[in-house]
Amino acid sequence: MSFEFEIVATDGKARAGILHSPHGDILTPVFAPVGTAGTVKAVPPRDLEDLDAQLILANTYHLFLRPGDDLVRDLGGLHEFMCWGGPILTDSGGFQVFSLADINKIDADGVTFRSHIDGSQKRLTPERSMQIQQNLGADIIMAFDQCPPPNDRAEVEAAVARTHSWLRRCRQAHPDDEKQALFGIVQGGIFPDLREASARFVTDMALKGYAIGGLAVGESKQEMYATLDQTLPCLPHNKPRYLMGVGEPDDLLEGISRGVDIFDCVIPTRLARHGAAFTQAGRINLRNARYRADESPIDSALDNYASRFSRAYLRHLLIAKELLAYYLISLHNIDFLVRHVQNMRQAIIEGSLREYAARFLPRYLRHGLTAE
RNA sequence: GUGGACGUAGCUCAAUGGCAGAGCACCUGAUUGUGGUUCAGGCGGUUGAGGGUUCGAGCCCCUUCGUCCACC
């Protein structure tokens, strides 16, 4: 019964669904806050429960290096280790190997790299990634893939071939049973023919869900949307679709409108650390001097613990580099995105997603739009 | 009181007698499958004050004010 995906309602291409998992149902579309090293960075799981976050992502690369997947397994798995009773998704570790570590060698079999923490040499292969993710014990795990720069056709072609070969090995190495679902990843950069071929290959593996990778990594938003337009119809309608690493509020809307069910992104917490907050009127930078004496909350439309604090106080915390600033603004930004996605789910059920988009999108059309 | 050192951007300090600069702070902007970083740009000066020498003075000379140190 686990991992059954029910589509509750559709509005155009957008879908409202329920993905069953061993640790609870996931109401989609869903935005998964991102955790690092087994804890959600700066925001305790208790708060995420309060915000009604239904899925969180934990990073395999970080947990592999520290504290180690064996230890997490011995301590009862990730849910118990990090005190999060809800569904968890782990990435494959591949992305961070490519973005954080010093790569020594990438070959057909896997990747040898040096840890960014202590410089020690490590190796990840599709089989090892599956083993680590089994040890971590997430509900949804990701195939080990290669995410290349999206505009370089030769590189993308090579990465697609490698990703497919690795997916076959992941599929073999992992039981893909009712305890843990393996999702495959479509690559192909911004090239329609490569995306289509990749979608076909990945779909043939008959997995419990499918991800679109290799986007939001340098291409323009128009290129990303065009790629979604072209790729999503190539994926099975009755399986969840996960757009990896996205995104910003407008991207969530654009993705959902096109039929994406699952998202994850660093942006609510990373922006919080840089002092930026989402509001109904657009993005604001709380470091700005204009908020020095602003007694209003970040966004009066939200009601969470951070809502009690004035912009002036949050600005003071930021300027003073107080950890509380990162916590409160992260809480706010996650609340904003979770609410945003929940609103869209409700709009899909009511058949009013276009109206929601018309109200919401203009404020977020321009990247970095400043409010008021 | 005597002798000495030093006064340059908000702060800490650079600058052969030859375009007055850096770091930090402050003010903006960027950050999309997480290391709080980093990057890009901007504001900011009667060089304590006054006079002199010089083609030209932050720099040399005189006066003055201030700070610090040492010694009566």
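All chains are named by letter (A, B, ...) in the order of the sequence lines, taking the proteins before the strands, and each is independently numbered beginning at 1. These figures come from a predicted structure and were not determined experimentally.
When only modelled atom types and interatomic distance are considered, A/His316 and A/Glu322 share no side-chain donor-acceptor pair under 3.5 Å. Judged purely by distance below 3.5 Å, without hydrogens or angles, the side chains of A/Arg339 and A/Gln342 pair a donor atom with an acceptor atom.
Base pairing analysis places B/G35 opposite nothing; no Watson-Crick or G-U wobble pair with both distances below 3.5 Å involves it. Of the nucleotides present, none pairs with B/G58 by Watson-Crick or G-U wobble criteria with both distances under 3.5 Å. Pair check for B/G44 finds none; no Watson-Crick or G-U wobble contact set falls under 3.5 Å. When both distances must be under 3.5 Å, the Watson-Crick or G-U wobble mate of B/A22 is B/U12. Pair assignment for B/G17 gives none, since no Watson-Crick or G-U wobble pairing has each distance under 3.5 Å. With a cut-off of 3.5 Å on both Watson-Crick or G-U wobble distances, the partner of B/U67 is given as B/A5.
With P as the reference atom, B/G18 and B/G56 are 14 Å apart, rounded to whole Å. With P as the reference atom, B/A25 and B/U12 are 15 Å apart, rounded to whole Å. Look at the P atom in both B/U63 and B/U28: the space between them is 49 Å, to the nearest Å. When the P atom is compared between B/U46 and B/G4, the two are found 30 Å apart, to the nearest whole Å. Taking the C1' atom of each, B/U53 and B/C39 are spaced 49 Å apart, rounded to whole Å. Comparing the same atom, C1', in B/G42 and in B/C24 gives a spacing of 16 Å after rounding to whole Å. Atom name P, nucleotides B/A15 and B/C59: the rounded distance is 14 Å, in whole Å. With P as the reference atom, B/G33 and B/U16 are 49 Å apart, rounded to whole Å.
Annotation: side chain of A/Glu295 is not in contact with side chain of A/Tyr313 (no heavy-atom distance under 4.5 Å).
With salt bridges taken as basic N to acidic carboxylate O contacts below 4.0 Å, none links A/Lys208 and A/Asp139.
We find that CZ of A/Phe98 is positioned 18 Å from P of B/U32, with the value rounded to whole Å. Taking atom CZ of A/Arg273 as the reference point, atom C1' of B/A30 lies 16 Å away to the nearest angstrom. Whole-Å rounding puts the A/Asn59 CG to B/G33 P distance at 9 Å. The NE2 atom of A/His274 sits 14 Å away from the P atom of B/G29 (whole-angstrom rounding). The CG atom of A/Leu252 sits 10 Å away from the C1' atom of B/U32 (whole-angstrom rounding). At whole-Å resolution of the value, NE2 in A/His62 and P in B/G33 are 11 Å apart. Atom CD in A/Glu248 sits about 10 Å away from atom P in B/G33, given to the nearest Å.
Considering only the side chain of A/Ile117, B/G35 comes nearest among B/U32, B/A30, B/G35.
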Please list each protein N or O that sits under 3.5 Å from an N or O in nucleotides 26-28 of chain B, with the distance.
residue: B/C27; atom: OP1; partner: A/Arg315; partner atom: NH1; Å: 3.4
residue: B/C27; atom: OP1; partner: A/Arg315; partner atom: NH2; Å: 3.0
residue: B/U28; atom: OP1; partner: A/Ala289; partner atom: N; Å: 2.6

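Place A/Gln187 and A/Tyr326 on RNA chain B by their nearest nucleotides, and A/Gln187 ends up nearer the 5' end.
The residue A/Leu271 sits apart from the nucleic acid: no heavy atom pair falls under 4.0 Å.
Taking the centre of each ring, A/Phe31 and A/His340 stay at or above the 6.0 Å mark. If you look at A/Phe5 and A/His237, their ring centroids are not closer than 6.0 Å.
Atom CD of A/Glu49 is surrounded by more than 12 heavy atoms from other residues, nucleotides or ligands within 6.0 Å.
Between A/His116 and A/Tyr61, the ring planes lie parallel to each other; the angle is under 30°, not in the 30° to 60° tilted range.
Judged by distance alone with a 3.5 Å cut-off, a donor-acceptor contact links the side chain of A/His116 to the base of B/G35.
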Check the pair A/Asp109, A/Arg169 against salt bridge (charged side-chain N to carboxylate O under 4.0 Å, His left out), reporting the backbone distance first and the verdict last. CA-CA 10 Å; A/Asp109 184 56; A/Arg169 286 163 57 189; 2.8 Å; yes
